[in-house]
Amino acid sequence: MADYIDALVDAAADGDGVSLDGLHVARTGDGYRLETPSAERDGLSESALSDALSDFDEYATNWFFWSRVVGESSPQRRAFLRWVEGADAEDQSVPARYDALRDGIEREWGQLHVTVTLDDDGQRHYELRHVNEADREHDDLDTYHEPLAARQLATYDEKGRYRPLKSGNNLAGGWVFPDLDGRDLVETVETFYPASVPNWYREREGTLDVEHWVDTIGRQTGMYSVVKTWNRGDGHEHVDWVAESCCDDSQCVKRREWQYDDETDLDVDGGDGAFPCREPCSLVIAASRKWTRLEGENTQTYEFELTPSEKEQLEAIVDAVADDRTDDIREADVYEGANRYRARFLRAKLFDDDGNLCGVPTEDES
Amino acid sequence: MQALVIVAHGSHLNPDSSTPTYDHADTIREVGAFDEVRTGFWKEEPSIREVLRTVESDEVYVVPLFISEGYFTEQVIPRELRLDGWDVADWDSDGLSATHVTLPAGDVPEKTVHYCGPVGTHEAMTDVIVRRAESVTEDPDVGDGFGLAVVGHGTERNENSAKAIEYHAQRVRDMDRFDEVQALYMDEDPEVDDVTDYFDADDIVVVPLFVADGFHTQEDIPEDMGLTDDYRTGYDVPTEVDGHRIWYAGAVGTEGLMADVVLERAADAGADIGDALEVVRERTRKTPMAGD
Ligand code: SF4
C-alpha cells in the first residue's frame with residue numbers, strides 16, 4: 001500500500017478526521033466514512049478504507065501533497081502554492097484540477113511565469129521563467145536550480161544596467177528554473193520580488209497594512225524629512241505625478257495600493273499587478289526629495305523662438321527619455337526627433353557656449 | 001526556529017553596496033547555524049520595513065551591518081522594524097557598547113526580535129581588520145615591519161564613528177603585532193591624505209572601516225592617498241607613495257571573516273549557533289596558515 005494512503009488512514013483515525021478539497025474521511029460509530037463529491041462509503045474497516053482510497057487516488061495524493069509535503073508551517077507559502085494551481089477554485093473538482101495539472105497550469109507574477117505540473121505520485125513540479133519567454137525552448141535558456149541564483153538575475157536589466165527596484169518592469173530574461181519544488185519556488189519568487197508573497201497573503205487575509213503617502217513621508221527623518229514640506233494645502237496633484245512617473249505598470253509591476261491619505265485617493269490608477277505595493281518605496285521617497293526641492297522653485301517667463309518642428313522635437317526627446325526608448329532609435333533615423341544627430345543639430349543651432357537654450361540665461365541677469 | 005536577519009544600507013546607484021551583505025548571509029547560511037538567514041535594506045528590497053514578514057521563525061536575531069552606533073542603528077532601523085517600546089537608553093551604550101535588546105515588533109507580534117548592536121563596534125571586528133591586512137598582503141603573519149592604518153569618516157557626521165575607529169586601532173596596537181598602528185580620518189586630522197607622514201615603516205596597510213566598497217573607498221581614499229590621480233585607471237597593491245609601500249585593502253566589510261562578527265552579535269544576544277564560529281573562521285581564511 002502506498003505511503004500516502006497509510007498516512008491518510010492514520011490521519012483519518014485522529015480527532016476530526018481528514019477534510020480537504022472535497023475529500024472527507026472520518027471515524028464514525030461504525031467504522032470509517034469516506035466521501036467525495038461523487039461518492040459516499042460508510043462503515044469501512046481500516047483495510048476496507050485503504051482499498052477504497054485506492055479508487056480515489058487523486059484525492060489521496062492531493063491530500064498528501066497539501067498536508068504532508070506543503071503542510072501548514074507557512075500559511076503564506078501554502079496559500080501561494082494553492083493559488084498557483086487554482087486549488088481554491090470552488091467549481092473545480094480534484095480530478096478536473098489533476099487533468100489540468102497534467103497539461104500544466106500557468107500563472108503570472110510580475111514578470112515571472114510559473115508552470116506547475118504533476119508527476120505520477122501527485123508531487124508538484126514548478127517551472128519558472130520570464131513572462132516574455134513562455135514559449136522559448138529550454139535549450140535557448142540558461143538553466144538554474146538554486147533559488148538564490150535569482151539574486152544575480154534580478155540585479156541587471158537587459159542592457160546590463162543596475163536595477164535599483166526589484167519590482168521594476170525591466171527584469172531581464174534568458175533563464176529558466178526548470179524544476180523547483182514548492183518551497184524553492186517560493187524562495188525563488190521571493191528573491192526576484194522580495195516580500196511579494198507575504199504582502200499578497202496579508203492582502204487576501206484583509207490585513208495588509210497599507211501606509212499612504214502622507215503617513216509614509218510623515219515618518220521620514222534626516223535628509224528625507226524635507227519631503228513633508230512638499231504637501232501644501234489640500235492638493236495632491238504632485239503625488240499624482242509621482243505615481244504616474246514611478247508606479248505606472250509600465251515602470252513597476254506592483255499594484256499601488258497606497259493613496260494620498262486615508263480619505264483621498266490619487267487620480268492615477270494603481271495598475272493591475274498581481275501583488276500589492278503597500279507604501280511609497282525608498283526609490284520614490286528619494287526621488288520625491290529631489291522633486292520637493294525642484295518644485296519649491298517659482299516659475300519664470302522665458303522667451304524662446306522655436307520653429308514648430310523644434311518645439312515638437314523637444315517634446316519627442318522628453319518622450320523618448322521618459323519611455324526609455326533612446327537606445328532603440330537608430331543612428332540614421334533622422335525622422336525621429338530624439339535621434340542623436342537631430343539632437344546634436346538642435347544643440348549646435350540653439351545653444352550658446354554656456355549651454356543656454358536660444359542664448360537665454362536661466363537666471364535673470366538684470 | 002531561529003532566524004538571522006542582516007540589515008544594511010544598500011544603494012539605488014551602486015550594485016556593489018549590497019554584495020558584502022549577501023556574501024556574509026550566504027556564508028552563514030552554509031554553516032546551517034540558523035533555520036533561515038534573510039537580508040533587509042534601507043535602499044533595496046526587502047525593505048527593513050518589510051523584512052520581518054519574510055521570516056517564518058519565531059526567534060529573530062537582527063544584526064545591523066553598520067560600522068557605528070548612530071542615526072541608523074538608533075532611529076531608522078528600530079522605527080522601520082516597528083520595535084515596540086524601543087528606547088535607545090535600553091542599550092545603555094557609551095557609543096561602543098550596545099549589545100542587544102529583546103522586544104516584540106508590531107509587524108509580527110507573534111515573534112520575538114533580538115535587536116543587536118552594529119557589527120562595527122564588536123570586539124571581533126578587530127580580528128577582521130587584521131584578517132583584511134593578511135588578505136591584502138597575502139601573508140598570514142603580516143605585522144613585522146608593517147604599519148597599519150584604520151580609516152573612517154571623522155566626527156563630522158557622527159561622533160561614534162570616530163570612536164569605533166579609535167577603539168579598533170587601540171586594540172590592534174595592543175596586539176603588538178604591527179610596528180605602528182594609526183587611526184586616520186577622511187574629514188579631519190589626522191587625515192588619510194597624509195598617511196605617509198604618520199608612519200616610519202616602509203610598508204603600510206590601509207584598512208578603511210566601511211561596510212561596502214563605494215564612492216568613499218574606491219574613489220576618495222585612493223585618490224586622497226595619492227595611489228592614483230584618477231580612480232578609474234585603478235592602482236597597484238602595493239603602490240609606492242613618498243618612499244612607502246601602501247597596501248590599500250578596500251572596505252573591511254568585504255572580508256569574509258565579517259560573517260564571524262555577525263554571528264558573534266547574534267550569539268551574544270542568545271542565538272544558539274553551535275560551532276558555527278569556528279567553521280566560519282576557517283572557511284573564510286584566504287591565506288593558508290603556516291604548515292597548511
Ligand atoms: S512605490 Fe510605486 S514604484 Fe515603488 S514599489 Fe510601490 S508601486 Fe512600485
Region of [X] in contact with chain A, defined by heavy-atom distances below 4.5 Å:
{"X": "B:E45", "answer": "both"}
{"X": "B:N14", "answer": "backbone"}
{"X": "B:Y22", "answer": "both"}

Tell me, for [X] versus chain B, whether the close heavy atoms (under 4.5 Å) come from the side chain, the backbone, both or neither.
{"X": "A:S73", "answer": "both"}
{"X": "A:Q152", "answer": "neither"}
{"X": "A:Y156", "answer": "side chain"}
{"X": "A:L148", "answer": "side chain"}
{"X": "A:T221", "answer": "both"}

Could you tell me which of A:R278, A:E279, A:R77, A:K166 has the largest number of non-hydrogen atom pairs under 4.5 Å with chain B?
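Of the candidates given, the most pairs with chain B belong to A:R278.
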Scored by heavy-atom pairs under 4.5 Å with chain B, the best of A:R161, A:E190, A:E211 is A:E211
Gap separating the CZ atom of B:R232 from the CD atom of B:Q218, nearest 0.5 angstrom:
13.0 Å
With under 30° as parallel and over 60° as perpendicular, where do the rings of A:W175 and A:F192 fit, or are they tilted in between?
parallel
Using the six-membered ring wherever Trp is involved, compare the ring planes of B:Y115 and B:W86 and label them parallel, tilted or perpendicular (cut-offs 30° and 60°).
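Aromatic pair B:Y115/B:W86 classed perpendicular.
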With sequence neighbours left out, what residues match A:D327 under salt bridge (Lys or Arg N to Asp or Glu O under 4.0 Å)?
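With neighbours one apart ignored, the set is A:K159.
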Output all residues satisfying salt bridge (Lys or Arg N to Asp or Glu O under 4.0 Å) with A:D88, sequence neighbours left out; order by chain, then residue number.
A:R82, A:R204
Residue-level interface, residues 1-8 of chain B with chain A, non-hydrogen cut-off under 4.5 Å
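Listed by number: none.
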Compute the centroid of each ring, for A:F80 and then for A:Y201, and state whether the two points are separated by less than 6.0 Å.
no
Should [X] and [Y] count as an ion pair when the cut-off is N to O under 4.0 Å?
{"X": "A:R124", "Y": "A:E85", "answer": "yes"}
{"X": "A:D209", "Y": "B:R82", "answer": "yes"}
{"X": "A:R163", "Y": "A:E158", "answer": "no"}

Heaviest contributor of heavy-atom pairs below 4.5 Å to chain A, chosen from B:E80, B:R79, B:K43, is B:R79
List in chain and number order the residues that pass side-chain hydrogen bond (donor to acceptor under 3.5 Å, both in side chains) with B:E159, two or more places apart in sequence or in another chain; answer none if no residue qualifies.
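side-chain hydrogen bond (donor to acceptor under 3.5 Å, both in side chains) list for B:E159, sorted by chain: empty.
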Given A:S282, which partner from the list B:R49, B:E44, B:H12 fulfils the side chain to side chain donor-acceptor pair (under 3.5 Å) test?
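With A:S282 as partner, B:R49, B:E44, B:H12 yield a single side chain to side chain donor-acceptor pair (under 3.5 Å), made by B:H12.
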